[in-house]
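These numbers come from the heavy atoms of this one structure, side chains and all, not from hydrogens, waters or symmetry mates. In the text below, chain A, chain B and the rest are named by the order of the sequence lines, each starting its count at 1.
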There are 2 protein chains.
Amino acid sequence: MKRPPSIREVAQLAGVSLGTASNVLNHPERVSTATRKKVEAAIDELGFIPSEAGRRLRRVDSKLVGVIVFDVANPFFSEAASAIEAYLAQFSCFPVIGSTGGDPTREADLLRLLLGQEVRGIILTPSSGAAESLKLLSSRRIPVVLFDHPALEDGMSAVSVDDTRGAEIAIEHLHSLGHRHIGFINGSARVRQAQARRVGVERSARASHNELTLTEVHAARFDAASGEKAMHELLTSHPEITGVFCANDSLAIGAMRAARQRNLGIPQDISIVGFDDIDVARELITPLTTVRQPMTELGTTAAQLLLEQPAHAQDIAFVPELIVRESTAPPRSWRI
Amino acid sequence: MKRPPSIREVAQLAGVSLGTASNVLNHPERVSTATRKKVEAAIDELGFIPSEAGRRLRRVDSKLVGVIVFDVANPFFSEAASAIEAYLAQFSCFPVIGSTGGDPTREADLLRLLLGQEVRGIILTPSSGAAESLKLLSSRRIPVVLFDHPALEDGMSAVSVDDTRGAEIAIEHLHSLGHRHIGFINGSARVRQAQARRVGVERSARASHNELTLTEVHAARFDAASGEKAMHELLTSHPEITGVFCANDSLAIGAMRAARQRNLGIPQDISIVGFDDIDVARELITPLTTVRQPMTELGTTAAQLLLEQPAHAQDIAFVPELIVRESTAPPRSWRI
DNA sequence: TTGAAAGCGCTAACAG
DNA sequence: CTGTTAGCGCTTTCAA
């Protein structure tokens, strides 16, 4: 790989000193128009692009922002990542992306690598065992925004969605439609989101004056295959169930498939509510009623907080919104 | 932001010279165990992480790989990006991601910015007007792998899928099931993929000994809403159509929705074939028959070619594969 | 307005 | 095996 042209060569070609060439780039007002033109001509001729590495050595802000998430291929994260990328682009910044798969060790490794890259800051979805990593970060005083996670003690900003409230409105919706026997297909009890959503479900149940009978099952993973399996379990053990809340849209898609395999109409025989509102939720044959997480706003806000660094850490919790589509309706017993 | 500890401070704390500390990091075998221990202790105590900026100045390979695609949120790209990220991670490398939205100007800007970051190489999905950008790249002799695009003259490696062949097998499938009147919902005629897929459709039509009547319509965008609209047009103007090939899965999802709105059974009344095989294709209520593009292999191969830099540029075209699911069947007229 | 020179963190070449 | 030193590309004093 040929060595790219340096600012020294630019200066030489333009017949000025290195410092003057640098001024053309960083303080053009200090340079006379004539010399500026000369230098710019040299820059064009050589195809000179300033090296960020050299620049960073002088402690100029990096244009790289680390983004560490659970899994980039997951639509929830890829939609958010897309928004982060778009926001950063306005400032000529780039996301440098890594996935942890939920492994705290991997998370710590990624963090070290990103710190080595001297990123300007890090947007992080912390795993449960992330205490160690977070200590590393605070000791470095590098800007961090927690993503899809409420704020922790240490004065880092955070953006998240009120998972508990989201689950609550999902159950309220089924309740108000007239459903009394409700299934809840949750993810692994170890992940924070699953725990928070369960709290919301329980809160709704209590608020219903004991009108509701709730049955929770845990899917192995947050995907459609697990949702399908969990739905079959649920319907076999509790055939009285008429409404099901799934902890994300992929699980809900699997649940719909299971219902269909049993010749149950959606929503005639069984209502299904998802969580996330990924792009395809509205595109399904039976468009999915779901609790919308504003992925784009989450991503944009996280990027904004990172770049702007408000004086005080912000803990922003977005309010989830119920999007009613065609997968929910009153149970048969309530219809004429 | 506090200045992070430098290797100089490490050396000082360990009571050795700067060069020795450097050797501990880069050539540990040259250092005695005793001093190595001392230095490692100092590294731990200070939380020292070597600066990639300083390192890169010495022309050490960068750990950053630029990835420029059309749109990160598009499942085709996000699945590939995930594979790229996973492959790079094995070498402690990271993708630095940018989206062009198909704008050649934006593409050129992103390229300049990435070159400024001194990335180790670039994985690029070139837009149609990318000639200028590519010239910039070849003049820099920076490793480039074209993604989802066949190789161009200039000796860059490329990974892509044989779009023409993919369209061909889709039409062959419908033909062999007995369909004679076939609709083709294509994307904008300006994008290369749409052009290539049309060629495949035409080739199949010719190979059928004029048994096939094909009708092409162009959707405005590659999304479900456009597919739905196009499908309605198609079925209104050509009610004899029994099979439809869509240039991607999102269009196919929209087409399915349109068919359903018209009370047409899939596949009883109309067969639908997609293209891509995105994750949800198999999860739809009627799982979609589609032409699979191996996104994971595409991403992995691109990353591998970039890091390994084979002596000669490779132009790798993956062979698409027909995945038959439940959205296709013989037309009514062929059944008993 | 311009030029000269120091120095950011690091690696490698060389000397001891 | 260890220390010394030059220099990567750049920005920023400081002097002229």
Side-chain angles (χ1 to χ4, degrees), chain A residues 1-40 42-43 46-63 112-113 115-120 140 142, chain B residues 1-40 42-43 46-63 112-113 115-120 140 142:
Chain A
M1 191 162 59
K2 191 173 62 176
R3 201 172 51 73
S6 78
I7 197 171
R8 224 175 296 264
E9 296 166 54
V10 170
Q12 194 165 24
L13 181 61
V16 299
S17 78
L18 188 162
T20 302
S22 171
N23 277 333
V24 170
L25 295 171
N26 301 292
H27 307 282
E29 74 285 356
R30 294 186 195 160
V31 181
S32 75
T33 315
T35 31
R36 188 159 51 72
K37 293 272 187 241
K38 271 195 300 183
V39 173
E40 281 166 353
I43 288 174
L46 293 173
F48 167 75
I49 299 175
S51 152
E52 284 292 321
R55 196 166 239 174
R56 208 154 326 137
L57 226 37
R58 304 301 322 219
R59 329 224 61 70
V60 175
D61 270 341
S62 165
K63 287 184 171 164
R112 297 190 80 78
L113 286 166
L115 290 175
Q117 297 298 336
E118 284 155 304
V119 292
R120 184 195 196 118
R140 286 248 160 187
I142 184 175
Chain B
M1 190 162 57
K2 190 173 62 175
R3 199 171 53 72
S6 77
I7 196 172
R8 225 174 296 264
E9 296 166 53
V10 170
Q12 195 165 24
L13 180 61
V16 299
S17 78
L18 188 165
T20 302
S22 172
N23 277 335
V24 170
L25 295 172
N26 301 291
H27 307 280
E29 74 285 357
R30 296 187 194 160
V31 182
S32 75
T33 315
T35 33
R36 190 159 51 71
K37 294 270 188 242
K38 270 195 302 184
V39 173
E40 281 166 352
I43 288 175
L46 294 172
F48 166 75
I49 298 175
S51 152
E52 283 294 320
R55 196 166 239 176
R56 206 154 326 136
L57 228 35
R58 302 301 325 210
R59 328 223 62 69
V60 174
D61 271 340
S62 165
K63 287 186 173 164
R112 298 190 80 77
L113 286 166
L115 289 176
Q117 297 297 336
E118 285 154 303
V119 293
R120 185 195 196 118
R140 287 248 159 186
I142 183 175

Nearest-Å distance, [atom1] ([X]) to [atom2] ([N])?
X	N	atom1	atom2	answer
Glu29(B)	dC1(D)	CD	P	10 Å
Arg3(B)	dG9(C)	CZ	C1'	10 Å
Arg30(A)	dG3(C)	CZ	P	15 Å
Lys38(A)	dT1(C)	NZ	C1'	12 Å
Lys37(A)	dT1(C)	NZ	C1'	17 Å
Asp61(B)	dC8(D)	CG	P	19 Å
Leu18(A)	dC8(D)	CG	P	11 Å
Gln12(A)	dA4(C)	CD	P	12 Å

Looking at [N], I'd like to know if its phosphate oxygens (OP1 or OP2) sit under 4.0 Å from a side-chain N or O belonging to [X].
X	N	answer
Ser17(A)	dA4(C)	no
Thr35(A)	dT2(C)	yes
Thr20(B)	dG3(D)	yes
His27(A)	dT12(D)	yes
Arg56(B)	dG9(C)	no
Arg59(B)	dC10(C)	no

Check: For the side chain of Arg58(A) and the base of dG7(C), is some donor closer than 3.5 Å to an acceptor across the two?
Finding: yes

Checklist line | Residues Glu118(B) and Arg56(A) bridged, charged N to O under 4.0 Å | finding: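 Salt bridge absent between Glu118(B) and Arg56(A).
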
For [X], which contact category applies under a 4.0 Å heavy-atom criterion: base, sugar-phosphate, or nothing?
X	value
Ser32(B)	sugar-phosphate
Arg8(A)	base
Ser51(B)	sugar-phosphate

Next item on the list: For Phe48(B) and Leu13(B), run side chain to side chain contact (heavy atoms under 4.5 Å, CB included): C-alpha distance rounded to whole Å, both residues' side-chain angles, the deciding distance at 0.1 Å, then the answer.
Entry: CA-CA 12 Å; Phe48(B) 166 75; Leu13(B) 180 61; over 6 Å; no

Next item on the list: Would you check if the side chain of Arg120(A) reaches a backbone N or O of Lys63(A) as a donor-acceptor pair within less than 3.5 Å?
Entry: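 Here the side-chain-to-backbone pair does not exist.
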
Note to self: So which atom in Leu46(A) and which in Pro5(A) form the shortest heavy-atom distance, rounded to 0.1 Å?
What the structure shows: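 Leu46(A) and Pro5(A) have their closest heavy atoms at O-CG, 3.4 Å.
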
Margin query: Could you report the tightest heavy-atom contact between Ala21(A) and Val16(A), atom names first, then the distance?
Written below: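 In this case the closest contact between Ala21(A) and Val16(A) is N-CG2, 4.3 Å.
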
Next item on the list: Specify the residue among Leu57(B) and Gly19(B) whose closest nucleotide of DNA chain C lies further upstream toward the 5′ end.
Entry: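 First, find each residue's nearest nucleotide; the 5'-ward one identifies Leu57(B).
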
Checklist line | Residue Arg55(B), side-chain heavy atoms: nucleotide from dC10(C), dG9(C), dT11(D) that is nearest | finding: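 Nearest to the side-chain atoms of Arg55(B), counting from C-beta on, is dC10(C).
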
